[in-house]
Structure formats: C-alpha cells, structure tokens
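One structure, as structure tokens, below. Some questions next.
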Amino acid sequence: MHPLYLYNTLTRKKEEFSPIVPGKVGMYTCGPTVYQYATIGNMRSYVFADILRRVLEYNGYSVKMVMNITDVGHLVSDADEGEDKMLVAVGREKKTPWEIARFYTEAFMKDAALLNILRPTALCYATEHIEEMLQMVVELVEKGYAYETSDGIYFDISKFPAYGQLSGIRLQDQLAGARVEENPEKQHHADFALWKKAPKEHIMQWPSPWGMGYPGWHIECSAMSRKYLGDQFDIHTGGVDHIPIHHENEIAQSESCTGKIPARFWMHGEFLLVDGGKMSKSLGNTYTVHDLVTKGFEPLAFRYFCFSAHYRSHLNFTWPALESAQKGLRSLRTMVQRSSRGPEKPGAEEKMGRFRELFLESVNDDLNMPKAVSVLWEAAKADLGPGLARLAGEFDRVLALDLVKGPADEDKVLELSELPPEVQALIEERRLAREAKDWAKSDRLREQLREMGYQVKDLKDGYEVTRIP
RNA sequence: GGCGAGAUGGCCAAGCGGUAAGGCAGGGGUCUGCAAAACCCUUAUCCCCGGUUCGAGUCCGGGUCUCGCCUCCA
C-alpha cells in the first residue's frame with residue numbers, strides 16, 4: 001500500500017493524509033470571481049483541485065468538494081481600496097451585476113467541463129450567503145475581534161497573535177501603506193474589512209446592523225466553508241497568491257469565531273507563466289480555453305500540459321509547449337486504443353500490477369503527475385495488449401484525458417464515400433497510375449491531394465485517406 | 001525593503017544521499033517505388049565555489065542568475 005502524502009503550506013512539509021472522519025474528506029476550493037472569462041492560469045489552479053479530488057476518490061475516499069463563486073463585487077484591492085471589480089464590469093458591459101455574474105459563471109463551468117474538471121459536489125454563491133456572512137461578522141464584533149469605522153467593520157488583527165502563520169510574514173516587518181493609500185481609521189494597517197458600508201450609488205448592497213452595505217472579500221469563504229463543511233474540515237485549496245492575504249485573513253476570522261483553524265491541510269497551486277513571465281489580467285497577456293480551441297488545440301491538451309510539471313512548480317506556457325502536449329496526448333491515445341484491438345498477451349496482468357503500484361505511488365506522492373504520466377508511457381510501451389486499454393481506463397479516473405474514447409491520430413481515416421466527388425476522382429486516378437507504376441504521376445496526384453487538405457498513405461494493399469488538420 | 005520558489009540534455013520536466021524517469025524535437029536504422037505512418041536504436045556527470053559523507057543534481061555554507069508574492073489576479 002502507498003499512503004497518501006500531501007504538502008501542507010501550514011507546516012511546509014509533506015504530511016501523510018488522513019481525514020477527520022474516516023473514509024470521508026471535506027475540501028474547500030477558492031473559486032473564481034465571475035466578472036470576466038477565466039484565464040488558462042485560473043484553469044490550471046482548478047485542474048490542480050480536480051486532480052486532488054480525483055486522487056482522494058482513487059484512494060477510496062468519499063469527497064465532499066465545496067467551491068465558492070464570488071459573484072459580489074469586492075474591492076479591487078485586498079487592502080480595501082480602489083474600485084469594485086464587479087462595478088468595472090458593469091460599466092464595461094452595460095449589464096447588471098447579476099447578469100454579468102451568471103454569464104461568466106456559465107462560461108467558467110463550460111470551460112471547466114471541457115477540461116474534464118468534475119463539478120464540485122457543492123457550488124455556493126456569495127450573494128446567496130449574505131445572511132451567514134453577517135452572522136459571522138456580528139459574532140466577531142460581539143467577541144471583540146472587530147471594530148467599526150466610518151466606512152465599515154474591520155477585523156482587529158492585534159487580537160489574533162497567530163496571524164502570518166501561513167505565509168511566514170511578521171507583521172512588524174511589513175511596510176504600512178507602502179503601495180496603497182492607508183486608511184487612517186484602521187488601527188493596524190493589516191486590519192481588513194469584514195463588512196463595508198455602501199455609498200448610495202453602490203449597486204450591490206444589503207441591509208445590516210450598520211445600515212446598507214456589502215461583505216468584505218474574505219468573509220464569504222469563512223462563512224460558506226463553515227456552513228457546508230463545519231468548523232473544521234480536511235483540506236483547503238487555492239492559488240499561491242492567496243497565501244499571504246486571503247487565507248491569512250480567512251484563518252484569522254474563522255479561528256476567532258470557532259476556536260479552530262478552519263482546515264487542517266492548506267494546499268496551493270503555483271502560477272502558470274507565459275513566455276517565462278507572469279500572466280496577469282492587468283498585463284493583458286492572458287489566454288482563455290476558447291483561445292486554445294481557436295488555435296486548433298483540444299482543451300484536454302491543456303490538461304495534459306498541466307501534468308508536465310508538478311502543481312507546486314511554475315509551469316511556463318508557450319505555444320510550442322502546448323503543441324508538444326497535444327502530440328504526446330494524441331500519440332498516447334493511439335497506443336491505448338490500438339492495444340484494445342489486439343490479442344491478449346500472456347503475462348500482461350503481472351506487469352499491470354506493477355504499473356498500478358507505481359501509478360498509485362506517484363499520485364499519492366503529493367500528486368506527482370509528471371511521474372504518473374511517465375508510468376503510463378512505460379505501460380504503453382510494455383506490450384500489454386488489451387490490458388493497456390484496461391489499465392489506461394483505470395488511470396483515467398485520475399488523469400481524465402479521455403484515453404480510451406478520445407480522439408487519437410488514427411481516428412481520422414476516411415471512407416471513400418465520405419469524400420467530395422472531385423477528391424474521389426483524383427484518388428481513383430492515382431490508384432490507376434500506381435497500378436501502371438507511373439510513380440511521377442502518382443506523386444504529383446498525392447501532392448495535389450495534399451494541397452486540397454487530404455493526406456494519402458499507401459499501405460501494403462490499398463491506401464488510407466486522412467484529413468490534414 | 002520583507003516573504004517565497006527555482007537553476008537538470010535543443011525545448012518541457014521527474015528525481016530529494018547510492019551512481020541521471022518520461023514527453024516533444026533531432027540523428028541513425030527497419031519497412032516503402034518514393035513518401036507518410038509504425039517499429040527499433042541513439043543524444044546529460046545536473047549554474048559556480050567551498051564543505052559534510054565511503055558516496056551528492058540530491059545535505060550544509062557562500063556566490064551568480066531567473067521568477068513570483070507583498071496592488072488586481074489561480
């Protein structure tokens with residue numbers, strides 16, 4: 001047996017995983033803010049969460065996976081300054097925040113489905129949990145962890161000495177207001193908003209004990225994870241950018257309320273780089289799943305590409321790299337699918353057992369997907385016969401690359417009858433030329449067909465026509 | 001200024017104390033009238049300098065260089 005090891009940001013080491021309740025795992029994934037299309041950088045993060053969930057299930061756990069949808073505008077800056085993201089989108093698209101949120105939520109779910117990301121067992125929308133958030137804010141105020149200013153309710157960080165445990169930041173080292181305007185009413189520069197009082201023109205606002213307002217960004221995760229997973233659950237995931245502010249704040253809020261750190265394992269996915277540098281919405285060098293499809297790639301090529309590096313490493317996105325992934329995936333599927341048509345091989349089962357073990361060992365080693373994929377490649381080359389297809393089917397419960405059913409290189413062989421008449425005519429002419437051993441004419445016709453978008457392969461007896469992609 | 005990650009063959013990338021996975025690309029070969037496909041073979045002492053050890057990409061110290069976070073963003 002291979003125990004499951006996961007890296008915990010909290011302790012900065014790999015730990016053997018075991019859930020609070022035997023056999024069951026509760027995990028919470030920080031979901032998207034739905035005010036524009038998700039980038040492939042965002043998607044890498046959700047592929048990571050999906051892999052974690054699938055590996056847990058592969059290990060026999062029943063997983064409750066909760067993901068939030070941030071459909072309320074929180075402020076642009078985590079330091080509670082600046083514009084409201086949702087309002088920016090409202091100005092841009094001339095729609096209501098609700099319409100925008102719905103539109104981009106659907107777009108996100110569609111992209112996720114294209115990447116074979118399983119739907120979370122529970123999706124929760126921030127706007128549907130304002131009540132729970134307010135209750136938590138009230139609780140924090142009553143317990144003395146928060147104070148009121150002219151523009152909102154703030155968490156009092158001085159009451160939570162453990163602050164900074166995730167990121168290793170010591171508050172006294174941080175330069176107050178180094179890059180943002182300091183709010184003079186805040187008692188400590190790292191105090192953060194639990195609730196904001198809304199100016200009249202603010203579109204999304206709700207009644208509260210402090211008048212009309214809207215929630216601070218961090219409170220939604222605390223309130224919703226508590227509601228669906230309890231005061232303490234097993235795993236919390238997100239991007240590395242969430243470590244210093246968002247998750248620190250979340251821990252501070254939740255633990256102040258419940259007395260417990262909300263999650264035992266904190267796991268973070270590294271960023272996707274583009275051409276060696278950061279991808280960011282503000283730099284405008286972002287791509288979406290749709291962009292990949294437009295360039296002729298299948299979405300799962302991106303999923304496969306994500307497996308080329310460990311989730312805690314930077315992964316550098318370039319078009320040639322994606323092409324390499326697409327080729328690798330296609331060729332893997334070709335091997336798998338071809339194997340299912342051949343005869344059984346003696347001794348295959350024995351070898352398969354070994355590969356199963358290696359695969360499990362790899363994914364259970366903190367989700368080492370590059371290793372896991374290499375195990376599959378080794379299996380593909382091990383002459384397992386139809387056993388390979390069975391094995392790939394098992395591994396695909398984690399990989400989800402449509403190995404057995406997805407498009408492979410060989411799938412494009414066309415019947416003569418499905419070709420346009422003029423193409424059929426040229427092929428027939430070429431067949432006759434070949435019979436007459438008129439190679440010059442044969443080659444000329446093959447070139448002509450190629451220009452029309454068809455590749456002709458000559459076999460022992462006959463030929464195969466495929467469409468050039 | 002603070003925090004963190006990383007430097008492995010042409011490219012991407014595993015390995016985390018015992019003598020370098022895998023993919024893509026390249027080269028050679030088999031097959032073929034020629035192609036294509038397929039199959040086989042093939043390409044590295046791991047940024048630099050010290051140290052620990054019988055033994056180090058793998059641990060420690062010091063450099064150099066990248067990159068990320070501390071603003072939006074996974």
Side-chain angles (χ1 to χ4, degrees), chain A residues 9 12 14 29-33 35-36 38-49 74-79 81-83 85 88 164 167-175 178-181 190 237-246 268-273 276-283 286 304-305 307-318 320-329 331-332 334-335 338 358 362 365 368-378 380-381 409-410 434 437-440 442-443 446-447 450 455-460 463-464 466 468:
Chain A
T9 306
R12 285 161 200 275
K14 283 188 211 172
T29 295
C30 274
T33 303
Y35 68 110
Q36 60 184 352
T39 66
I40 54 174
N42 300 131
M43 296 322 281
R44 181 189 184 199
S45 212
Y46 300 114
V47 167
F48 148 62
H74 53 77
L75 297 170
V76 167
S77 157
D78 290 335
E81 303 294 331
E83 314 168 85
K85 284 189 277 196
V88 172
S167 50
I169 286 172
R170 290 186 311 268
L171 286 172
Q172 59 271 29
D173 293 342
Q174 301 297 298
L175 294 163
R179 297 176 77 171
V180 293
E181 281 286 303
T237 76
V240 284
D241 56 322
H242 282 159
I243 298 172
I245 306 277
H246 184 230
H268 297 91
E270 234 331 321
F271 271 10
L272 182 74
L273 304 179
K278 73 183 285 194
M279 158 186 274
S280 87
K281 292 175 180 177
S282 59
L283 290 178
T286 61
Y304 183 89
F305 171 71
F307 299 162
S308 67
H310 185 88
Y311 77 89
R312 282 191 286 117
S313 301
H314 289 292
L315 175 58
N316 186 21
F317 178 86
T318 60
L322 185 62
E323 200 170 322
S324 155
Q326 174 80 76
K327 280 185 185 169
L329 174 59
S331 131
L332 202 44
T334 302
M335 289 193 246
R338 187 183 296 146
L358 285 170
S362 304
D365 180 17
N368 191 336
M369 301 314 290
K371 187 85 183 296
V373 170
S374 84
V375 171
L376 178 57
W377 273 100
E378 288 296 323
K381 292 182 293 190
D409 292 331
E410 295 191 334
R434 283 177 55 75
K437 299 204 187 298
D438 184 349
W439 307 126
S442 164
D443 290 350
R446 181 167 61 203
E447 187 48 38
R450 172 183 292 283
Q455 156 106 27
V456 185
K457 289 188 213 179
D458 296 315
L459 306 176
K460 287 255 184 299
Y463 54 85
E464 251 176 25
T466 55
I468 297 166

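Chain A is the first sequence line, chain B the second, and so forth, proteins listed ahead of strands; every chain is numbered from 1. What you see is a predicted model; the values in this text were computed from it and never measured.
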- prompt: Has A:W377 got its ring stacked on the base of B:rG22, with centres under 5.5 Å and planes less than 30° apart?
  reply: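 Taking the rule of under 5.5 Å and under 30°, the ring of A:W377 does not stack on B:rG22.
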message: Let's see if you can work this out: which of B:rG68, B:rA36, B:rA14 has an atom nearest to the side-chain heavy atoms of A:K457?
response: B:rA36
task: Determine yes or no for a side-chain-to-main-chain donor-acceptor pair under 3.5 angstrom, with A:T39 supplying the side chain and A:G41 the backbone.
output: yes
Protein-nucleotide distance (A:H314, atom NE2; B:rG4, atom P), rounded to Å: 14 Å
task: Using the C1' atom on both, measure B:rG9 against B:rG2 and round to a whole Å.
output: 37 Å
- prompt: Out of B:rA35, B:rC24, B:rA74, which nucleotide sits closest to the side chain of A:K327?
  reply: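 So the nucleotide nearest the side chain must be B:rC24.
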query: Where the side chain of A:R338 is concerned, which of B:rC24, B:rC12, B:rC39 is the nearest nucleotide?
result: B:rC39
query: What nucleic acid atoms does A:L332 come within less than 4.0 Å of, heavy atoms only: base, sugar-phosphate, or nothing?
result: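 Nothing: the residue A:L332, judged by heavy atoms under 4.0 Å, touches no strand.
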message: For a quick check, tell me whether the side chain of A:R446 and the base of B:rA35 share a donor-acceptor pair closer than 3.5 Å.
response: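 Yes.
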Nearest-nucleotide 5' precedence on RNA chain B, A:G239 against A:D365: A:D365
task: Tell me which nucleotide among B:rA25, B:rA74, B:rA14 gets nearest to the side chain of A:A309.
output: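 The closest nucleotide is B:rA14.
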query: What's the CD-P distance between A:E270 and B:rC69, to the nearest Å?
result: 9 Å
field: Carboxylate-amine/guanidinium proximity below 4.0 Å for A:R434 and A:D458
entry: yes
query: Is the side chain of A:R446 donor-acceptor paired with the backbone N or O of A:Q455 at a distance under 3.5 Å, no angle test?
result: no
query: Within this structure, what is the CD1-to-C1' distance between A:I245 and B:rG2, rounded to whole angstrom?
result: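 The distance from CD1 of A:I245 to C1' of B:rG2 comes to 13 Å, rounded to the nearest Å.
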B:rC59 pairs with, by Watson-Crick or G-U criteria that keep both distances under 3.5 Å: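 Here B:rC59 is engaged in a pair, and the nucleotide opposite it is B:rG51.
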- request: Report yes if a donor N or O on one partner sits less than 3.5 Å from an acceptor N or O on the other, where the partners are the side chain of A:N316 and the base of B:rC12; otherwise report no.
  value: no
task: Would you indicate what A:P370 reaches in the nucleic acid, counting non-hydrogen atoms under 4.0 angstrom: base, sugar-phosphate, or nothing?
output: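 Since a base atom lies under 4.0 Å of A:P370, the category is base.
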- prompt: Using a cut-off of less than 4.0 Å, is there contact between a side-chain N or O of A:K381 and OP1 or OP2 of B:rG23?
  reply: yes
task: Confirm from the modelled atom types if A:D443 and B:rG33 form a donor-acceptor pair under 3.5 Å, side chain to base only.
output: yes
- prompt: Does B:rU30 pair with anything, Watson-Crick or G-U wobble, both distances under 3.5 Å, and if so, with which nucleotide?
  reply: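 B:rA38 - that is the nucleotide pairing with B:rU30, both distances being under 3.5 Å.
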- prompt: Starting at OH of A:Y304 and ending at C1' of B:rA13, how long is that distance when rounded to a whole Å?
  reply: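 Value for this atom pair: 11 Å.
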query: Can you check B:rG57 for me, syn or anti if syn means within 90° of 0?
result: syn
task: Considering just the side-chain nitrogens and oxygens of A:K437, establish if one lies under 4.0 Å of OP1 or OP2 belonging to B:rC34.
output: no
- line: Taking a pair to mean Watson-Crick or G-U wobble geometry with both distances below 3.5 Å, B:rA20 pairs with none
- request: Among B:rG33, B:rA36, B:rA74, find the nucleotide with the atom closest to the side chain of A:W439.
  value: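 Given the options B:rG33, B:rA36, B:rA74, the side chain of A:W439 is closest to B:rG33.
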task: Mind checking A:R434 for me? I need base, sugar-phosphate or nothing, with any heavy atom below 4.0 Å counting as a touch.
output: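 Base, at least one base atom sits under 4.0 Å.
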query: Residues in ring pair (Phe, Tyr, Trp, His ring centres under 6.0 Å) with A:H242, at least two apart?
result: A:W217, A:H246, A:H247
- request: Please state whether the phosphate of B:rA14, meaning OP1 or OP2, lies under 4.0 angstrom from any side-chain nitrogen or oxygen of A:S313.
  value: yes
- prompt: Atom CD of A:E323 to atom P of B:rG26: distance rounded to whole Å?
  reply: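 That distance rounds to 11 Å.
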message: Taking the side chain as everything from C-beta on, heavy atoms only, tell me whether A:L358 gets closer than 4.5 Å to A:E378.
response: no
- request: Select base, sugar-phosphate, or nothing to describe what A:H242 touches, counting heavy atoms under 4.0 Å on all strands.
  value: sugar-phosphate
Sugar-phosphate, base or nothing in reach of A:V456, heavy atoms under 4.0 Å: base
query: Is the shortest side-chain N/O distance from A:N368 to OP1 or OP2 of B:rG15 below 4.0 Å?
result: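 For B:rG15, OP1/OP2 do have a side-chain N/O of A:N368 under 4.0 Å.
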- prompt: Quick one: on RNA chain B, does A:R312 or A:G277 contact a more 5' nucleotide (nearest heavy atom)?
  reply: A:R312
query: The side chain of A:Y46 lies closest to which of these nucleotides: B:rA35, B:rA74, B:rA21?
result: B:rA74
statement: A:F307 atom CZ is separated from B:rA13 atom C1', nearest whole Å, by 15 Å
message: Going by ring pair (Phe, Tyr, Trp, His ring centres under 6.0 Å), name the residues that satisfy it together with A:F48, two or more places apart in sequence or in a different chain.
response: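 Partners of A:F48 under the ring pair (Phe, Tyr, Trp, His ring centres under 6.0 Å) test: A:Y311.
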- prompt: In the strands shown, is B:rU45 matched to any nucleotide by a Watson-Crick or G-U wobble pair with both distances under 3.5 Å, and which?
  reply: none
message: Which nucleotide, if any, forms a Watson-Crick or G-U wobble pair with B:rG6, using both distances under 3.5 Å?
response: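 The base-pairing partner of B:rG6, which may sit in any strand shown, is B:rC65.
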query: Hey, does the side chain of A:K278 come within less than 4.0 Å of B:rC69's phosphate (OP1/OP2), counting only N and O?
result: yes
- prompt: Quick one: which of B:rC67, B:rA35, B:rG22 gets closest to the side chain of A:D458?
  reply: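 Among B:rC67, B:rA35, B:rG22, the one nearest the side chain of A:D458 is B:rA35.
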Flag, side chain of A:D365 to backbone of A:N368, donor-acceptor distance under 3.5 Å: no
